[in-house]
2 protein chains.
Amino acid sequence: MARIVDRDAKRQKILEAASACFAKEGYDATSMEAVASAAGISKGSLYDYFKNKEDLFFGVFEWFQQLVMVSAMARMGEHQDARARIMAFADAAIGALLDHLELYPVSLEVWAAAAKPGTRPRFSGAMKNLYASYRAELAGLIQDAQAEGAIRDGIDVEATAGMLIGAVDNLALHYWLDRSFDPQAWCRSFLGSLFDGIGTETRKA
Amino acid sequence: MARIVDRDAKRQKILEAASACFAKEGYDATSMEAVASAAGISKGSLYDYFKNKEDLFFGVFEWFQQLVMVSAMARMGEHQDARARIMAFADAAIGALLDHLELYPVSLEVWAAAAKPGTRPRFSGAMKNLYASYRAELAGLIQDAQAEGAIRDGIDVEATAGMLIGAVDNLALHYWLDRSFDPQAWCRSFLGSLFDGIGTETRKA
DNA sequence: TCATTATGACCGACTAGTCGGTCATTTATA
DNA sequence: TATAAATGACCGACTAGTCGGTCATAATGA
């Protein structure tokens, strides 16, 4: 039997196999034996690549995170218009999550891990960073739009970015749960409303 | 030892004790022995009140859900203005979640349970219903506002309600993770932006 | 080139412990 | 005493992580 020489490639393969297991069965219900078997190696070998189960799962989380990021990047195009850039950002984020919807349960398990005392700091810290970076990205786009005169001054940029990121994240969650609506359409429609306002009273300034 | 006569009261007590355990340690890390001990009974008695661990956890979920609902109701006041009613609805929802923030991890565990094959239908179904009812409630308020002329026609009511509910839910999640911002302020500011619009171009119609 | 040695990937049986759930027994009440 | 409630010892199934050992390949050197 050919011996594997590329450790990184093998690590990747394990992460892929593990992500499928974790997504399908959940963290606790996934045994290291099952992951090893899915990756086509033995349990002992698994421990040559990952210190323990938590490390393996954290690796899966990082891998998934990057997968989504890459998908999102690929979906973002060039846009002159600031408003179009914000739309594209939201579209890309949702699209990227939909691209890998079958792995979405991994995120749910990460949240659960962030709630457990043992793994809390590691996972909650990572989540905090992840959301902060998305928020900062969107906040930057909003400020650009303000500079271009497409979005008015006087709005709370942080709050707007935070709420929108939250809404988009939640959208993926609900779509995973219920496929009876079109998340992209919801998001576009909602962003349109946000830009134009849903109220009938005359807007100030 | 005084005999407990009120089975329902005892059930309540168990649910309270169990919710604290599940919130603190997570579902899998919480043993039935630990719950029994926290409730001041023996493990065997626990099984007189709940068929198995999953049932106990589902009971905790329902209990928590109701707790939040009651909190939210208590926070909703009477408002003539449709816009104020929507603001109050969001305020009440967030406030209610903050009232019981220490139990929030239970929600995370419910999501994780919804991702596991064994418990998926039961928990994902319950979540679906829960969000659908919140969405319907908010959609109703928006339609009322339209009827009153406070919100313009032509917006996608379902999408708006869904996105807002998602944003609010996510807000609680992030506040649980990171206490460095004021969720109520974010939400009010965001709703203000949504009513008035953040764009500078003249709104149609 | 070929024999010797070193490397480390790979394996899977094994340890040591956990925990959900049961049930024969005990305890308390009416 | 009869009945209902409460108990906790016990069981069986399961699994994270370990470790001694194997062997294909790479490195070395004569």
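All values derive from a computational prediction rather than experimental measurement. In what follows, every chain begins at residue 1, and chains take the letters A, B, ... in the order their sequences are listed. Because only heavy atoms are used, hydrogens play no part in the values below, and waters and symmetry mates are left out as well, while side chains stay in.
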Checklist entry - Can you list every pair that meets side chain to side chain donor-acceptor pair (under 3.5 Å) and has a residue in residues 19-30 of chain A, with sequence neighbours left out? => result A/Asp28-A/Lys116
Checklist entry - Please give, in whole Å, the distance from C/dT27 P to B/Ile41 CD1? => result 19 Å
Item to check | Between C1' of C/dG8 and CZ of A/Arg7, the distance in whole Å | outcome: 8 Å
Checklist entry - Quick one: does A/Tyr175's side chain get under 4.5 Å of A/Ile94's, heavy atoms only? => result no
Can you give me every donor-acceptor pair (side chain of residues 181-189 of chain B, partner residue at least two apart or in another chain, under 3.5 Å) with its distance?
{"unit_1": "B/Asp182", "atom_1": "OD1", "unit_2": "B/Gln184", "atom_2": "N", "d": "3.0"}
{"unit_1": "B/Asp182", "atom_1": "OD1", "unit_2": "B/Ala185", "atom_2": "N", "d": "3.2"}
{"unit_1": "B/Arg188", "atom_1": "NE", "unit_2": "B/Asp91", "atom_2": "OD1", "d": "3.3"}
{"unit_1": "B/Arg188", "atom_1": "NE", "unit_2": "B/Asp91", "atom_2": "OD2", "d": "3.0"}
{"unit_1": "B/Arg188", "atom_1": "NH2", "unit_2": "B/Asp91", "atom_2": "OD2", "d": "2.8"}

Checklist outcome for this item: In whole angstroms, the gap separating C1' of C/dC23 from CG of B/Asp48 amounts to 11 Å
Pairs: protein N or O with nucleotides 16-20 of chain C N or O, under 3.5 Å:
{"unit_1": "C/dG20", "atom_1": "OP1", "unit_2": "B/Thr30", "atom_2": "O", "d": "3.3"}
{"unit_1": "C/dG20", "atom_1": "OP1", "unit_2": "B/Lys53", "atom_2": "NZ", "d": "2.6"}
{"unit_1": "C/dG20", "atom_1": "OP2", "unit_2": "B/Met32", "atom_2": "N", "d": "2.8"}
{"unit_1": "C/dG20", "atom_1": "N7", "unit_2": "B/Lys43", "atom_2": "NZ", "d": "3.1"}

For residues 68-79 of chain B, which side-chain N or O atoms pair as donor and acceptor with protein atoms under 3.5 Å away, sequence neighbours left out?
{"unit_1": "B/Ser71", "atom_1": "OG", "unit_2": "B/His100", "atom_2": "NE2", "d": "2.9"}
{"unit_1": "B/Arg75", "atom_1": "NE", "unit_2": "B/Asp99", "atom_2": "OD2", "d": "3.0"}
{"unit_1": "B/Arg75", "atom_1": "NH2", "unit_2": "B/Asp99", "atom_2": "OD1", "d": "3.1"}

Next on the checklist: Check the phosphate of C/dC11 against A/Ser45, side-chain N and O only, distance under 4.0 Å to OP1 or OP2. Yes or no?
Outcome noted: yes
Next on the checklist: Rounding to an integer number of Å, can you tell me how far B/Lys51 NZ sits from C/dT22 P?
Outcome noted: 10 Å
Checklist entry - Between B/Tyr49 and D/dA6, is there a side-chain N or O to OP1/OP2 distance below 4.0 Å? => result yes
Next on the checklist: Considering only residues two or more places apart or on different chains, which pairs with a residue in residues 118-130 of chain A satisfy side chain to side chain donor-acceptor pair (under 3.5 Å)?
Outcome noted: A/Glu54-A/Arg122, A/Asp55-A/Arg122
Checklist entry - Please give, in whole Å, the distance from C/dA9 P to A/Lys13 NZ? => result 16 Å
Checklist entry - For B/Tyr131, which residues count as a ring pair (Phe, Tyr, Trp, His ring centres under 6.0 Å) partner, sequence neighbours excluded? => result A/His174, B/Trp111
